[in-house]
Amino acid sequence: MAHSGAAVPLGALEQGCPIRVEHDRRRRQFTVRLNGCHDRAVLLYEYVGKRIVDLQHTEVPDAYRGRGIAKHLAKAALDFVVEEDLKAHLTCWYIQKYVKENPLPQYLERLQP
C-alpha cells in the first residue's frame, strides 16, 4: 500500500523528535512521541497473572506507518519482558509478526501459548 503525500518525512520526524520509546508502568504502555511530540504511537499491555503480561495492541497513526516505529515499540516491550523475567502472551498481531521476523531465543523462551 502506497503512503500518501500527507505523511511526514522520516528525516523530519528524526530531527524534530527522535524515536525514543517511553515506558509508563502505571498506565501499562510503551509510547513513541511523534510530530513535535503531539502525536503518539502506543503499545498496550496488561498483567494477566503475577509474572505474565499480555501484549495486547500496537497502534501507529496512519501518517507514520511503514517507518519502523512499531518495531521500536515491539522491541522495547519484549526487552521489558526479558529484563523483568516475565512470560508474554501475544494478543497483538503485530507483536506476533515481529517475533516471527526476529526469533531471538530470549524472546521465544518467554512466550506463553
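The distance from atom CG of Leu108 to atom CG of Leu78, rounded to the nearest 0.5 Å, is 9.5 Å. In this structure, NE2 in His57 is found 13.0 Å from CD in Glu46, a value given to the nearest 0.5 Å. Between the SG atom in Cys92 and the CD atom in Gln56 there is a gap of 9.5 Å [rounded to 0.5 Å].
The two atoms that bring Asp54 and His89 nearest to each other are OD1-O, 3.1 Å, heavy atoms only. Scanning all heavy atoms of the two residues, the minimum distance from Lys100 to Pro103 falls at O-CD, 3.7 Å.
The backbone N or O of Gly49 sits nowhere less than 3.5 Å from a side-chain atom of Lys87 that would complete a donor-acceptor pair. For the pair Gln96 (side chain) and Leu90 (backbone), a donor-acceptor distance under 3.5 Å is present.
Side chains of Pro61 and Leu34 form a contact here, defined as non-hydrogen atoms less than 4.5 Å apart. Side-chain contact between Asp24 and Thr31: absent, with no pair of heavy atoms (C-beta onward) separated by less than 4.5 Å. Taking 4.5 Å as the limit, every side-chain heavy atom of Val60 sits out of range of all side-chain heavy atoms of Val32. Within the 4.5 Å cutoff, the side chain of Val53 has heavy atoms near those of the Val81 side chain. Contact annotation: the side chain of Gln29 approaches that of Arg40 to within less than 4.5 Å [non-hydrogen atoms, C-beta and beyond]. Annotation: side chain of Gln112 is in contact with side chain of Ile52 (closest heavy-atom distance under 4.5 Å).
Under the 4.5 Å side-chain heavy-atom criterion for ILVMFWY residues, a single connected hydrophobic cluster contains both Leu104 and Phe80. Under a hydrophobic clustering in which Ile, Leu, Val, Met, Phe, Trp and Tyr are joined whenever their side-chain heavy atoms come within less than 4.5 Å, directly or via other members, Phe30 and Tyr64 fall into the same cluster. Note on Val99: it clusters hydrophobically with Leu86, by side-chain heavy-atom contacts below 4.5 Å among ILVMFWY residues.
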- Message: Walk me through whether Arg110 and Asp85 qualify under side-chain contact (heavy atoms from CB on, under 4.5 Å).
- Response: CA-CA 8 Å; Arg110 304 280 173 185; Asp85 193 26; 2.5 Å; yes
- Task: Please test Thr58 against Val42 for side-chain contact (heavy atoms from CB on, under 4.5 Å), starting from the C-alpha separation and ending with a verdict.
- Result: CA-CA 6 Å; Thr58 305; Val42 65; over 6 Å; no
- Between Leu73 and Val21, is a side-chain contact (heavy atoms from CB on, under 4.5 Å) present by the stated rule, with each step listed? CA-CA 6 Å; Leu73 291 167; Val21 178; 4.2 Å; yes
- Message: Walk me through whether Arg25 and Glu84 qualify under side-chain contact (heavy atoms from CB on, under 4.5 Å).
- Response: CA-CA 12 Å; Arg25 290 174 183 262; Glu84 297 290 318; 3.3 Å; yes
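Between Glu59 and Arg65, none of the side-chain N atoms (NZ, or NE/NH1/NH2) sits under 4.0 Å from a carboxylate O, so this pair counts as no salt bridge.
Scanning for salt bridge (charged side-chain N to carboxylate O under 4.0 Å, His left out) contacts around Arg51 gives an empty result, with sequence neighbours left out.
Ring to ring, Tyr45 and His23 are close: their centroids are under 6.0 angstrom apart.
Residue pairs that meet the ring-ring contact (aromatic ring centres under 6.0 Å, His included) test with at least one member in residues 93-113, sequence neighbours left out, do not exist here.
Counting non-hydrogen atoms of neighbouring residues, nucleotides and ligands closer than 6.0 angstrom, the NZ atom of Lys75 reaches no more than 12 such neighbours.
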